4 protein chains.
Amino acid sequence: MPRPVVDKKNLILKAAIKVFARRGFSRARTAVIAREARVAEGTIYNYFKSKDDLILTIFEQTWRDMIRALRAVLQPIHDPIQKMTLVLTTVIDLFESDPQLAEVFLVELRQSGKCFSSQPMAVILEFLDLLEEILKEGIVQGVIRKDINTRIARGFLFGAVESILLGWLLRRTHPELFGKEKPYTLEEAKETLTKLFGTGFFVKPPNR
Amino acid sequence: MPRPVVDKKNLILKAAIKVFARRGFSRARTAVIAREARVAEGTIYNYFKSKDDLILTIFEQTWRDMIRALRAVLQPIHDPIQKMTLVLTTVIDLFESDPQLAEVFLVELRQSGKCFSSQPMAVILEFLDLLEEILKEGIVQGVIRKDINTRIARGFLFGAVESILLGWLLRRTHPELFGKEKPYTLEEAKETLTKLFGTGFFVKPPNR
Amino acid sequence: MPRPVVDKKNLILKAAIKVFARRGFSRARTAVIAREARVAEGTIYNYFKSKDDLILTIFEQTWRDMIRALRAVLQPIHDPIQKMTLVLTTVIDLFESDPQLAEVFLVELRQSGKCFSSQPMAVILEFLDLLEEILKEGIVQGVIRKDINTRIARGFLFGAVESILLGWLLRRTHPELFGKEKPYTLEEAKETLTKLFGTGFFVKPPNR
Amino acid sequence: MPRPVVDKKNLILKAAIKVFARRGFSRARTAVIAREARVAEGTIYNYFKSKDDLILTIFEQTWRDMIRALRAVLQPIHDPIQKMTLVLTTVIDLFESDPQLAEVFLVELRQSGKCFSSQPMAVILEFLDLLEEILKEGIVQGVIRKDINTRIARGFLFGAVESILLGWLLRRTHPELFGKEKPYTLEEAKETLTKLFGTGFFVKPPNR
DNA sequence: AATGAATGAGTATTCATTCAT
DNA sequence: TATGAATGAATACTCATTCAT
């Protein structure tokens, strides 16, 4: 009855995040991931189907965990505005706290050629659904304007968050691209997002 | 007077767009691009440094042309709101008119591993600068609220456009991902964008 | 009295024959053999040194059993012609009764890279010796011509049997290779073998 | 207009025969074949689909050449007995003159897992057809007995030749397998073959 | 400029075998 | 004996790029 003393699957996942962030997806070698995880190369394939499966699992698992956690936290809140703010800032905070994970999600994942296949899209859609639910609640409660297509609007919110994170990340990793531009903090970005989200989506702007 | 009877560089570029859209960047073979362009494999390398250079050139050239055209059209217009609307809808219209180009920009480019390197970022930044200029004009003219970081806000606009286009494209290419969702038109998306942009950014929302 | 309830070694051997016949030697997976035998993968290695050892053991054991059985049956017979006929038809009958075994011997064994090594050759040589003994008896008794090299002649007989069986097997497994050829039965083949073995191809043999 | 100064395809084929004979098919490395042929590894794949294709081509081409040459030589001969003798001895002589080729055909080919697929079988069948034609001519002319199934008989002849060659080859490459056995020459083997082919094993053949 | 045969660096994955339990 | 998770050696093949013509 051989007992896994340690959770090898997790070990490999952690190692993969590190290596993907360091070298990029396509330049990351499975041999290096194995060494970093202190397992044999073949062991990776006891837990994952392929290198693609590895990055897709990282993606999916992180989002699923986040969505589950969000739903729990959202439960007792009733104000849709507060809910939306919580969701958006939570996502940003997660990636701020783990820039390697952010790198993998925003940059490296796209190299895998699978990033728009059904597996990862399913979880993204789940997140988009969460956003849309909140928008709809807001409409019902009369705090969100009702003359918008929520399916489209949820995409804007997602796009805005991506844009914030990607801008922040690239300024960290490739500052030379931005010349002497004064950088901004994620705190500022969240504020701006909240303002624009708020006054963009709120009912009763001047004369509507 | 040895004028090239045909513009081979352009021939290659067109062929590349077709093949990238059909097979994806990494699965696209330079040999196939050459065949499609009816040139020898080596000829590609008389005009382009590498396969990466090929997709990056497509990217850059398209954006530069678009930015140049936009600046020309924008010249006589003074209303920043009108300007911004024109910019955003023009971008959307371009990709709507050439879905293969959209595929290459939104999906395939990301596989190249160079998509966040200085060459393509420079032109994106140029576009972002254009957006920011308009925002600043709007602030000066008092029609855009001034309590926002324009550097951050321009990113939202860009992210929103990307999100619209990617959603539209994926619904075309992978409808199965979206189940029975009722699709939306780009026309609807532009309307929603204008509404949210407008009432989000305008001065004099309720009590500010 | 810890008697194994079942003979695992034999279980594994039977499973291996099945899998080798189904997938071919090199495409046969030890994991599949283990599953088929309802033992753990490692258990195979309690009984066999390697995958090669497995197929070689099948080969060797089958021949050894056959040779032992043949010697017993041959004992009371004195006519060399009768003996030879018995030997050849017995071999053919064995494989006819177990086509999977035939597949393994005639086709799969050859993939192992060990099929001409000393272990399996030893048993083949033992069979060839048996054939040669009979030929020599025939010569002594004056019923087999004495102007032939028995070492060479025994090879012919073995080759003829192989050719019969291989032809029969391939017509079963790959009928498409033979087009519309009318197949033949092993019964016919045995008859032809007996005729040609006895008196050759020529009409009116010259004067020996 | 790049001109191949040397026939690379042939160079590769020759190198492959050498390496297959030296190391065996499965232990032969494509890198070594390339080095031996003084071409790049990739060049092999400009001429051959795979490593399997390489050995299959060697097999097929040699047999096709032999069959073509045989048909030419056979043309003016009318005596079926003479024809058959010529065919069998020609095959034996070819392999005697090129033991590496013999090694590849009799031993290494079998490791490829493709040796009974349609491509190589087709050419073997062509050779078997040649043998059968001769047998049938002999029957028509009344020199070959007509009470045999020629389809089966041709297999015996092929099997006999294989057995001669394999015995001869193994005695060269693995003499230890045969203990102190006095070896025989291919000359002796051909004689024995001719005798047994003609008149069989029996002394004083009965009355047919 | 054009050609296309030649190049060769580069690696994910398999699976027979082991060994701690 | 039995287990099965862990191991890691081993390698054919691709394809972007070059360069002699």
Side-chain angles (χ1 to χ4, degrees), chain A residues 1-6 8-9 12 26-35 37-54, chain B residues 2-5 8-9 26-35 38-54, chain C residues 2-5 8-9 26-35 38-54, chain D residues 1-6 8-9 12 26-35 37-54:
Chain A
M1 220 187 305
R3 271 288 179 70
V5 182
V6 285
K8 304 230 169 188
K9 183 166 184 176
I12 293 167
S26 57
R27 297 178 60 225
R29 304 289 155 244
T30 51
V32 175
I33 295 173
R35 197 185 321 136
R38 296 181 182 280
V39 301
E41 293 183 44
T43 303
I44 292 176
Y45 293 87
N46 289 341
Y47 295 97
F48 302 94
K49 280 199 296 290
S50 64
K51 192 179 158 186
D52 267 336
D53 187 31
L54 208 42
Chain B
R3 267 282 206 83
V5 183
K8 300 223 171 184
K9 184 166 184 174
S26 57
R27 296 177 59 222
R29 303 290 160 240
T30 52
V32 175
I33 295 172
R35 198 187 320 138
R38 298 180 183 278
V39 300
E41 295 180 44
T43 304
I44 292 176
Y45 292 85
N46 288 335
Y47 296 96
F48 303 95
K49 280 200 298 291
S50 66
K51 189 180 161 186
D52 268 336
D53 187 31
L54 209 42
Chain C
R3 266 282 205 86
V5 182
K8 301 223 171 184
K9 183 166 184 174
S26 56
R27 297 177 58 224
R29 303 290 160 240
T30 52
V32 175
I33 295 173
R35 197 186 323 136
R38 297 178 183 281
V39 300
E41 296 179 44
T43 304
I44 292 176
Y45 292 85
N46 288 336
Y47 295 97
F48 302 94
K49 279 198 299 290
S50 65
K51 189 179 161 186
D52 268 335
D53 187 32
L54 208 42
Chain D
M1 218 189 304
R3 270 287 179 68
V5 182
V6 286
K8 304 230 168 185
K9 182 166 186 176
I12 293 168
S26 56
R27 297 178 58 225
R29 304 288 156 245
T30 51
V32 174
I33 295 173
R35 197 185 321 136
R38 298 179 180 280
V39 299
E41 292 182 46
T43 304
I44 292 176
Y45 294 87
N46 288 341
Y47 295 97
F48 303 94
K49 281 197 295 291
S50 64
K51 192 179 158 187
D52 267 335
D53 187 32
L54 209 43

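Only a predicted model underlies this, so the values are computations on that prediction, with no experimental measurement involved. Proteins get letters first, then strands, A, B, ... in listed order; numbering begins at 1 in each.
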**Asked** Within less than 4.0 Å of OP1 or OP2 of F:dA16, is there a side-chain N or O belonging to B:S50?
**Response** no
**Message:** Whether A:K51 engages the ring of A:Y45 as a cation-pi pair (distance to the six-membered ring centre under 6.0 angstrom, angle to the ring normal within 45°) should be assessed.
**Reply:** no
**Request:** Just compare F:dA6, F:dT3, E:dA16 and give me whichever is closest to any side-chain atom of A:K8.
**Result:** F:dA6
**Item:** Gap separating the OG1 atom of C:T30 from the CZ atom of C:R35, nearest 0.5 angstrom
**Value:** 10.5 Å
**Asked** To the nearest angstrom, how far is C:R35 atom CZ from F:dT3 atom P?
**Response** 14 Å
**Item:** Nearest-nucleotide 5' precedence on DNA chain E, A:A31 against C:G42
**Value:** A:A31
**Message:** Using 0.5 Å steps for rounding, measure from the NZ atom of A:K9 to the CG atom of A:L54.
**Reply:** 10.0 Å
**Request:** Send over the distance from C:D53 CG to E:dT17 P, rounded to a whole Å.
**Result:** 10 Å
**Complete:** When rounded to the nearest 0.5 Å, the distance separating CD1 of D:I12 from CZ of D:R38 is 14.0 Å
**Nearest to side-chain heavy atoms of B:V39, which nucleotide of E:dT3, E:dT17, F:dA2** = E:dT3
**Request:** Please figure out whether C:Y45 or A:D52 has its closest DNA chain E nucleotide nearer the 5' end.
**Result:** A:D52
**Message:** Quick check for you: among F:dC15, F:dT7, E:dA12, whose closest atom lies nearest to any side-chain atom of B:R29?
**Reply:** F:dC15
**Asked** How many Å lie between CD on B:E41 and P on E:dT7, as a whole number?
**Response** 15 Å
**Request:** Could you state the atom-to-atom distance from OH of A:Y47 to C1' of F:dT7 in whole Å?
**Result:** 12 Å
**Request:** With pairs defined as Watson-Crick or G-U wobble and both distances under 3.5 angstrom, please note down DNA chain F as a dot-bracket string, | for pairing with another strand.
**Result:** .||||||||||||||||||||
**Prompt:** Once you round it to whole Å, what is the distance between P of F:dT3 and CZ of C:R38?
**Reply:** 12 Å
**Message:** Measure CG/D:N46 against C1'/F:dA12 and give the value in whole Å, please.
**Reply:** 15 Å
**Any C:T30 side-chain nitrogen or oxygen under 4.0 Å from OP1 or OP2 of E:dA16** = yes
**Request:** May I have the distance from C:I44 (atom CD1) to E:dT18 (atom P), rounded to whole angstrom?
**Result:** 12 Å
**Request:** May I have the distance from A:F48 (atom CZ) to E:dT13 (atom C1'), rounded to whole angstrom?
**Result:** 15 Å
**Asked** Which nucleotide in the set E:dT7, E:dG4, E:dT17 lies at the smallest distance from any side-chain heavy atom of B:A40?
**Response** E:dG4
